[in-house]
Amino acid sequence: MPIRIKLIIMSLLFLAVPSLLIGIIGYQSSRNSLKTLGAESLQTDVRMTIEMIEALDKQVKTGKVLLEDAQEQVKEAILGKKDANGNRPINPRLNLGKHGFIFIINSAGVELAHPNFEGMDVWEIKTTDGVYSTKEVVRAANNGGGFVTYEWPLPDNPNVHIPKITYAEKDPNWDWIVCAGAYLPDFNAGANRVLYILLFTLGISLLAGVIVILWFSKKMTKPIIQVAEQVKLIARGDYTQEPIEITSKDEIGELVLNFNVMKENQKKAILKQKEYQERIEYMAFHDDLTKLPNLRYIKEKLTQEMQSHKPFALLILDVDRFKQSNEALGHSIADLILKSVADRLKEQFPSHVFVGRLTGDEFAIIYPGLNQEDEWISVCKQIQSRINEPLQVKNLLLNVSVTIGSVVYNNNKIEVDEFLKHANMALMEAQQQQVPFQMYQPSMDGKAFDRLVLENHLHHALQRNELRLVYQPQVDIGTGQIQGVEALLRWHHPSYGFISPAEFIPIAENTGLIIPIGEWVLRTACRQIKEWHDQGLSFLQIAVNLSSRQFYSQDLIETVKGILLETGLPPGDLELEITESMMMNMEHASKTLQDLKHLGCKIAIDDFGTGYSSLNYLKHLPIHRLKIDQSFIRDLAENEQDDTIVSTIISMAQHLQLDVIAEGVETPEQMDILRKKQCTHVQGYLYSPPLAPENFLQQWDQLLQKANTLASELNE
């Protein structure tokens, strides 16, 4: 045999065997790596679905999304919307091969989300290879998650059963079993293609000769080795390598091209997953409305600040009268108020000051280094000054204010929840004392407990006849005639004695007890004034305060109408006092007041000048009287600003043909100033304190004599 032939044969042998070995190694490496990648992809898709369920479950628990809607969102995300036949399409973006898909079952074996079998009980289905696949999947999920292999029909050809691998894991939120499955041929497709290409190129090399084999084997081996090396890197999560250069347009080039595409798609999938995780993390730690850090984030920030062992202050801000605004203006306007407050807080502070939203209408500020009282007071005043600036919300100009409670951390050992509790105690104390801000003091711990006890007792106060009404006369300055009385609520506790309305009225408002209490007040006042009518005081009128919750209750008109019929009181002798803040929802206020007017009742605006800034309602609503708040009367003789405000209110009432009454009149000097300003009616301790009903008739002659004496002195 010629040496050339031998050399060619030897070359062929020496080149063919290594080529074959390289092919086998590349095939096995590719197959193993692709299997690993596929398995990891199944786990990744299942866990991303569970993370999506967790995020939606939080929205369900906060009431933002219905459970059924949230569950359908998950099904549509992993598969797609149902078609007319009740089937769902396979989501091609999941990168589970041509036929792979995510499906969901429950522990009883019912398919909750599936391309073809959704809603079916598959517990007892036995696959062609003798496996009860559903039972095995449920077992794997209940054991903390795992893989199951069995034969399963193709979604687009149910008559064909081929091996399938499924990873299953149980979701802790809805008790769903989330499964991601792919068919084994899809796992091995890339590796099989590598083998076919290698066998094909090996045959070409054997036929082409030594030189061609050497050249071609080199050309063939290099990209395959690169593929194998990168597959190993990919298996370790390393996608930093540049795409493999395509040096030919043959099968190897196609292999490299497909590998590059596969690698790029997998890289993008991971970046999608990363963005999704970042989005989920953002949603978990931020408030959806204001985009501020939420309670969880605030607690973590407080923990970090405490671990730094440096002093800082925690300030909790509560938007005043927010519940009334919510009831009056609706949720959309109330949400805009919260967003505006959040924006003002974010704009006001430098980056090192942490601003977050606790819950509802409460915000939190973590201010590093703020532990001196004068600095703390300055910051509180700055906050309130900024928030108090008129706020334009749609077509309304609103005055928004906040109350602040604060606590300072000075490297003292305290848990985060307890620290937050102290700040809330300070806030409650500020609200109770009606001051703009308050620093936490240890003595407040007992007060917080007392308030809780008070709230529990208030639930039974009405049933136990602990509530009572007192009546304060309303007098005509010029004639000295007592023309009416205002009914005022008092609580006499059997153990604590008399409790100030400033303490229990806010509790009644917050708990909703103000509705039954308010109805009792209205009925009792009407019954009492009718009794006095029958005893000869038929000229007396009664003024009763309505709370915001009463004003916005759906059955207010029927309640007032029923009480008037029940007591027999003429509607014209009942004056209902409302506050300016109730006018914010003009549509509701207009209808309600018109209905009250049709009943024959009179309407007065209480605490006029202290609330809602728009005066548009005065000329459009059926209002009979303005009541000047006692805060303007208290320093009327010394304060020029109060004098100007009172003069303006009286003048405005005269031009609008409205009655006006001033409350809190305590000195003859105040009465004289009001008379000169042509304020015709007053009430206050100058004439009489609020009286119990049994004392009112007993002191009637003295009350009338005192009113006449004061009128005579003014007219001299």
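Predicted model only: the values in this text are computed from it and were never measured.
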Practice task
Taking the six-membered ring for Trp and the single ring otherwise, decide whether the centroids of Tyr409 and Tyr367 are under 6.0 Å apart.
Solution key: no
Exercise for the section: Would you sort out whether Ser401 and Asn388 count as a side chain to side chain donor-acceptor pair (under 3.5 Å), showing the intermediate values? Expected result: CA-CA 5 Å; Ser401 61; Asn388 289 349; 4.8 Å; no
Practice task
Scan Lys82, Arg88, Lys81 and name whichever one has a salt bridge (Lys or Arg N to Asp or Glu O under 4.0 Å) with Glu72.
Solution key: Arg88
Between [Y] and [X], is there a side-chain heavy-atom distance shorter than 4.5 Å?
X      : Y      : value
Leu345 : Leu292 : no
Val74  : Trp174 : yes
Asn173 : Glu54  : yes
Phe349 : Ile365 : yes
Ile78  : Val178 : no

Pairs under 3.5 angstrom only: tabulate donor-acceptor contacts from the side chains of residues 60-67 to other protein residues two or more places apart or in another chain.
| from | atom 1 | to | atom 2 | distance (Å) |
| --- | --- | --- | --- | --- |
| Lys61 | NZ | Asp57 | OD2 | 3.1 |
| Thr62 | OG1 | Lys58 | O | 3.2 |
| Thr62 | OG1 | Gln59 | O | 3.0 |

Rounded to the nearest 0.5 Å, what's the gap from [atom1] on [X] to [atom2] on [Y]? Could you check?
X      : Y      : atom1 : atom2 : value
Leu621 : Leu593 : CG    : CG    : 5.5 Å
Met48  : Ser41  : CE    : OG    : 10.0 Å
Leu546 : Leu576 : CG    : CG    : 4.5 Å
Leu556 : Asp595 : CG    : CG    : 9.0 Å
Asp343 : Ser340 : CG    : OG    : 6.0 Å
Gln554 : Thr592 : CD    : OG1   : 10.5 Å

Check: [Y] main-chain N/O paired with [X] side-chain donor or acceptor under 3.5 Å:
X      : Y      : value
Arg296 : Phe285 : no
Arg549 : Ile514 : no
Lys75  : Ala70  : no
Asn85  : Asn87  : no
His114 : Met120 : no
Gln384 : Val402 : yes
Asn106 : Gly109 : yes

Handout entry: Test side chain to side chain donor-acceptor pair (under 3.5 Å) applied to Asp287 and Thr290, step by step
Key = CA-CA 6 Å; Asp287 170 55; Thr290 63; 2.6 Å; yes
Practice task
Start with the C-alpha gap between Arg357 and Glu362, add the side-chain angles, then the distance that decides, and say whether salt bridge (charged side-chain N to carboxylate O under 4.0 Å, His left out) holds.
Solution key: CA-CA 6 Å; Arg357 182 187 179 192; Glu362 288 190 356; over 6 Å; no
Practice task
Name all residues meeting the salt bridge (charged side-chain N to carboxylate O under 4.0 Å, His left out) criterion together with Glu68; count only those two or more places apart in sequence or in a different chain, and write none if there are none.
Solution key: none
Exercise for the section: Output, in order, the C-alpha distance, side-chain angles, deciding distance and verdict of side-chain contact (heavy atoms from CB on, under 4.5 Å) for Leu42 and Phe147. Expected result: CA-CA 9 Å; Leu42 294 178; Phe147 292 91; 4.1 Å; yes
Completion exercise
Residue pairs meeting side-chain hydrogen bond (donor to acceptor under 3.5 Å, both in side chains), one or both in residues 136-155, sequence neighbours left out, come to Thr128-Glu151, Glu136-Arg139, Asn142-Lys170, Tyr150-Thr166
Exercise for the section: For Lys135 and Glu124, run salt bridge (charged side-chain N to carboxylate O under 4.0 Å, His left out): C-alpha distance rounded to whole Å, both residues' side-chain angles, the deciding distance at 0.1 Å, then the answer. Expected result: CA-CA 8 Å; Lys135 294 180 181 179; Glu124 295 296 334; 3.5 Å; yes
